[in-house]
Amino acid sequence: MTTYTLKSALLGGLVAATSLMASTALAQDYQWTFQTSAQAGDNFFPIEEAWADRVNELSDGRIEITVVPVGTVVAHNETLDAVGAGILQGHITDPSYFSGKDPAFAMLGNLVGAWSAPEQMFDYMENGGGKELFNELVNPYGLQFLGASATGVEAFLSTKPIHGVDDLKGIKMRAPEGMVQEVFAAAGASPVNLPGSEVYTALEKGVIDAADYTVFSTNHAQGMHEFAKYPLYPGFHSMPVIEVSLNKDIYDGLPEDLQTILNESVSVFARDMITQLDEQNEAAVAEAQADPEITVIDWSDEERAKFRGIAKSQWANWAERSEMAGKAYESVTAYLTEKGLLAE
């Protein structure tokens, strides 16, 4: 072999080795876009961004996640398909948006009346089979469920004192379509369709007596208690799940240590969100309680269980609408019964 040929061979080998090292390095760098259902100005959007920063730190920079607000890439109810197709790499959202694809998304996304505290839902997801069931639901769409958070149990706005289920009878209330309306109707209330933007005016003008809207701190900041002087807190009815999922092909191709980081980081994120929003709620509740014209009502465990029993009858109706909805019904009711939260 001539000197020229030898040098060429050595150079070629060096180039090949360098290319292999470069491709290996690139294979360990992941840049993803997650779309959230939150607006940029929402109080929990910065908490979601902090989760992305934490993943970057825990992975020593190998994973970089950009969280973008609702509607940035696709509509709020299109992220399931977008993540499955790889248009987005992940989403942070309310699964109920996809109940048109399968009613099980509503069952697992916001099971009305099921949870009285976030920790109950977290325990179900982590130890009661919820995470496995959620993956059984989303895997066929090309997603891997990493975990769930929540904004907390929503407060309930009311212009009249409602101390228990019996007081709901005849109450004109704003509620979203679907399971929420069906449950409240079964409890004796008269639900109506209203967009969230019209709740304030409807309460002011007496069009409605009460409303299922959002968390206490947001209600208070928007001045809802100027008219709804009998807020119920903690709420008894609604605690939407915030789903964090990644494209399944991407997840399956990750090293095990990065899979672990992602799964564990979502668990920390969930509790961070609850802690921070609880602090905001507590401050707002204290301010409301200091106002002699506002009465904050907290339902007893007995009344919460009574409402949950009414809700269960509607869950059973939804359970018949798909195979996965039936599985969700069996799974959640078994957990609630085992924990003494639902009568057998």
Report task. Could you pull out all residues at least two apart from Asp249 that satisfy salt bridge (Lys or Arg N to Asp or Glu O under 4.0 Å)? Result -> none
**Report entry** salt bridge (Lys or Arg N to Asp or Glu O under 4.0 Å) partners of Asp53, counting only residues at least two apart
**Finding:** none
Taking a hydrophobic cluster as the set of Ile, Leu, Val, Met, Phe, Trp and Tyr residues connected by side-chain heavy atoms closer than 4.5 Å, whether directly or through intermediates, do [X] and [Y] fall within one such cluster?
X	Y	result
Tyr335	Met324	yes
Val266	Trp32	yes
Leu203	Val207	yes
Val180	Val199	no
Ile92	Val215	no

Who pairs with [X] by side chain to side chain contact (heavy atoms under 4.5 Å, CB included), at least two apart in sequence or on another chain?
X	value
Ser300	Glu302, Glu303
Pro234	Asp298, Arg304
Glu198	Leu194, Pro195

Taking the side chain as every heavy atom from C-beta outward, state whether [X] and [Y] have any pair of such atoms under 4.5 Å apart.
X	Y	result
Pro161	Asp167	no
Asn219	Thr214	yes
Glu64	Asp29	no
Ile294	Pro231	yes
Phe236	Arg308	no
Gln35	Val68	yes
Tyr124	Ser331	yes
Glu243	Val138	yes

Aromatic ring proximity, centroids under 6.0 angstrom, [Y] and [X]:
X	Y	answer
Trp299	Phe156	no
Phe98	His91	yes
His225	Phe216	yes

Without hydrogens or angle criteria, can the side chains of [X] and [Y] be said to hold a donor-acceptor pair below 3.5 Å?
X	Y	result
Ser96	Asn110	no
Tyr213	Gln222	yes
Thr36	Glu48	yes

Say you draw a straight line from [atom1] of [X] to [atom2] of [Y]; how long is it, rounded to the nearest 0.5 Å?
X	Y	atom1	atom2	result
Leu254	Ser59	CG	OG	10.0 Å
Trp315	Leu342	CH2	CG	5.5 Å
Thr333	Leu341	OG1	CG	12.0 Å
Thr66	Glu49	OG1	CD	9.5 Å
Glu78	Tyr97	CD	OH	13.0 Å
Leu88	Thr93	CG	OG1	10.5 Å

Closest heavy-atom pair and its distance - [X], [Y]:
X	Y	value
Ala185	Pro191	N-CG, 3.9 Å
Gly235	Val153	O-CG1, 3.0 Å
Ala328	Leu133	CA-CD2, 3.6 Å
Ala270	Ser149	CA-OG, 3.2 Å
Ser245	Phe34	O-CE2, 3.4 Å
Gly253	Tyr30	O-OH, 4.3 Å

**Report entry** Ring-face cation contact, Trp318 with Arg321, 6.0 Å cut, 45° max
**Finding:** yes
Report task. Evaluate the criterion side chain to side chain contact (heavy atoms under 4.5 Å, CB included) for residue pair Leu111 and Met179; output intermediate values, then yes/no. Result -> CA-CA 8 Å; Leu111 193 58; Met179 187 185 295; 3.9 Å; yes
Query raised in the report: Taking it one step at a time, do Arg271 and Ile274 satisfy side chain to side chain contact (heavy atoms under 4.5 Å, CB included)?
Result: CA-CA 5 Å; Arg271 285 158 177 82; Ile274 291 302; 5.6 Å; no
Side-chain ([X]) to main-chain ([Y]) donor-acceptor, under 3.5 angstrom:
X	Y	answer
Asn247	Gln89	no
Asn263	Gln259	yes
Asp209	Ser158	no
Ser313	Ile310	yes
Asp42	Gln39	yes
Glu154	His237	no
Lys160	Tyr230	no
Asp212	Ala175	no
Asp94	Ile242	no
Arg174	Asn193	no

Requested in this report: Taking side chain to side chain donor-acceptor pair (under 3.5 Å) as the test, write out the residues that go with Asp81, two or more places apart.
Outcome: Lys101
Query raised in the report: Got more than 12 heavy atoms from elsewhere within 6.0 Å of CD, Glu126?
Result: yes
Report task. Quick one: do Glu226 and Tyr200 satisfy side chain to side chain contact (heavy atoms under 4.5 Å, CB included)? Show the steps, please. Result -> CA-CA 9 Å; Glu226 183 178 350; Tyr200 182 94; 3.3 Å; yes
Report task. Kindly determine whether His220 and Glu287 satisfy side chain to side chain contact (heavy atoms under 4.5 Å, CB included), including the steps that lead there. Result -> CA-CA 9 Å; His220 198 64; Glu287 187 175 321; 3.4 Å; yes
